Amino acid sequence: PEPVGGYYFSYVECCRNDDIVNIINDEQTGSVFLSYLSNEKYLDCEDGLDFNNWPPLAICVDEPIDWDHSVIQDRIPPGHTLEYSLCRPLNVPLPIFRQDSTPILPGQSFMDILERYDSVQWETGFSEDRMLNGAPDIAIDEATGFITGVPVQLGRYVIGICVEEYDEDGDLVSLLRRDFQYNVADCDDTDADFEVDSVFCYYEGEALEIFVTNTTGNTDDFLWIVDNGTDTL
């Protein structure tokens, strides 16, 4: 039905992975993916917001983050503006309901809807302003959605991103919030390498044995190619 204040849409999951560095009780903390569409956009039959890209599964420790977290631009009507921000990821109180699409009733606001959900609880030293403990920490450009920062500690981190759409009068007409897990990994380059003795002796009638020591780092999978000048094994 035609809503009074718009629609909100949510999808909820429990629970998160274990060993997350920046939140408390990770395995007992749910995830909430939430979108809001105003009555104005509903009546004009305009699409809600949608991000261009999936977050990367892993980022490299001590390497700059240089990632585009923008929404699809052709969904934004002329005169509307976007505002990106880092925001606290949401948790869901039990009992869990997995999805919901509900009109906002008279007298309600979108902020009233948000009160249905809890927020994750940060570990000591982390906050909306310091989600990754980087140097510099993760930041998002308010106008473009471009994410920067340099992670300096290995581990799993929950990151929350919000984007809001405003019309020409400055009224909120659409909102999308997402949280995801950054896995900060050691991404040192892998160079195939091995060591062999510098001198080999062959005695007539005896098999020649050459001992090769694999000194390749940062990988668990190997392919050996042995070429004796005639055949390649």
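Please read all numbers here as calculations on a predicted model, not as lab measurements. All values below were derived from every heavy atom in this structure, side-chain atoms included, with hydrogens, water molecules and symmetry-related copies excluded.
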If hydrophobic clusters are built by linking Ile, Leu, Val, Met, Phe, Trp and Tyr wherever their side-chain heavy atoms come under 4.5 Å apart, do [X] and [Y] end up in the same one?
X      : Y      : answer
Phe9   : Leu176 : no
Tyr157 : Leu154 : yes
Val150 : Val184 : no
Ile161 : Ile59  : yes
Trp122 : Ile24  : no

Hey, are Tyr11 and Glu13 close enough side-chain-wise for a donor-acceptor pair under 3.5 Å?
-> yes
Report, as yes or no, whether the 6.0 Å neighbourhood of atom CD on Glu142 holds more than 12 heavy atoms from other residues, nucleotides or ligands.
-> no
Determine whether more than 12 heavy atoms belonging to other residues, nucleotides or ligands lie under 6.0 Å from atom CD of Gln28.
-> no
Heavy-atom pair with the smallest gap, counting every atom of [X] and [Y]:
X      : Y      : answer
Leu172 : Ser38  : O-CB, 4.1 Å
Glu168 : Pro78  : OE2-O, 3.6 Å
Pro89  : Val158 : CG-CG1, 3.5 Å
Gly48  : Ser174 : CA-OG, 4.1 Å
Leu90  : Leu34  : CD1-CD2, 4.2 Å
Val163 : Leu49  : O-CD1, 3.7 Å

Go through the steps for Asn214 and Thr216 under the test side chain to side chain donor-acceptor pair (under 3.5 Å), then give the verdict.
-> CA-CA 6 Å; Asn214 186 3; Thr216 303; 3.0 Å; yes
Less than 4.5 Å apart, side chain to side chain, heavy atoms only: is that true for [X] and [Y]?
X      : Y      : answer
Gln153 : Val61  : no
Trp67  : Pro55  : yes
Asp179 : Ile159 : no
Thr213 : Phe194 : no

Counterpart residues, side-chain hydrogen bond (donor to acceptor under 3.5 Å, both in side chains), relative to Asn52 (two or more places apart) = Ser70
When you look at Ser35 and Tyr7, which way does the side chain to side chain contact (heavy atoms under 4.5 Å, CB included) test go after all the steps?
-> CA-CA 8 Å; Ser35 179; Tyr7 270 97; over 6 Å; no
Before giving the answer on side chain to side chain contact (heavy atoms under 4.5 Å, CB included), spell out for Val71 and Asp50 the whole-Å C-alpha distance, their side-chain angles and the decisive distance to 0.1 Å.
-> CA-CA 5 Å; Val71 297; Asp50 192 12; 6.0 Å; no
Salt-bridge test for Glu165 and Arg75: reply yes if a basic N is under 4.0 Å from a carboxylate O, no otherwise.
-> no
So, are Asp118 and Arg88 salt-bridged, with charged N and O less than 4.0 Å apart?
-> no
From Tyr84, Tyr182, Phe51, residue fulfilling ring pair (Phe, Tyr, Trp, His ring centres under 6.0 Å) relative to His69 | Phe51
Result for side-chain contact (heavy atoms from CB on, under 4.5 Å) between Val173 and one of Lys41, Glu46, Glu164 points to Lys41
Is [X] reaching over with its side chain to a backbone N or O of [Y], donor-acceptor style, under 3.5 angstrom?
X      : Y      : result
Thr148 : Ile65  : no
Asn39  : Gly5   : no
Asp68  : Phe146 : no
Ser85  : Cys87  : no
Asp167 : Asp169 : yes
Asn91  : Thr29  : no

Gap between atom CD1 of Ile140 and atom CG of Leu86 - 0.5 Å precision | 6.0 Å
Calculate, to the nearest 0.5 Å, the distance between atoms CD1 and CE belonging to Ile138 and Met131 respectively.
-> 7.5 Å
After noting the C-alpha distance and the side-chain angles of Asn25 and Glu27, does the key distance pass the side chain to side chain donor-acceptor pair (under 3.5 Å) rule?
-> CA-CA 6 Å; Asn25 296 326; Glu27 290 184 274; over 6 Å; no
Mind running ring pair (Phe, Tyr, Trp, His ring centres under 6.0 Å) on Tyr166 and His80 for me, showing each step along the way?
-> CA-CA 6 Å; Tyr166 295 91; His80 286 209; 9.6 Å; no
Residue pairs passing the salt bridge (Lys or Arg N to Asp or Glu O under 4.0 Å) test where at least one lies in residues 17-26, sequence neighbours excluded | Asp18-Arg156
Please assess Gln121 against Ile23 for the test side chain to side chain contact (heavy atoms under 4.5 Å, CB included), listing each intermediate value before the final yes or no.
-> CA-CA 6 Å; Gln121 298 300 306; Ile23 64 172; over 6 Å; no
Going through the checks in order, is the side chain to side chain contact (heavy atoms under 4.5 Å, CB included) test met by Gln181 and Ile20?
-> CA-CA 9 Å; Gln181 180 176 288; Ile20 295 177; 3.9 Å; yes
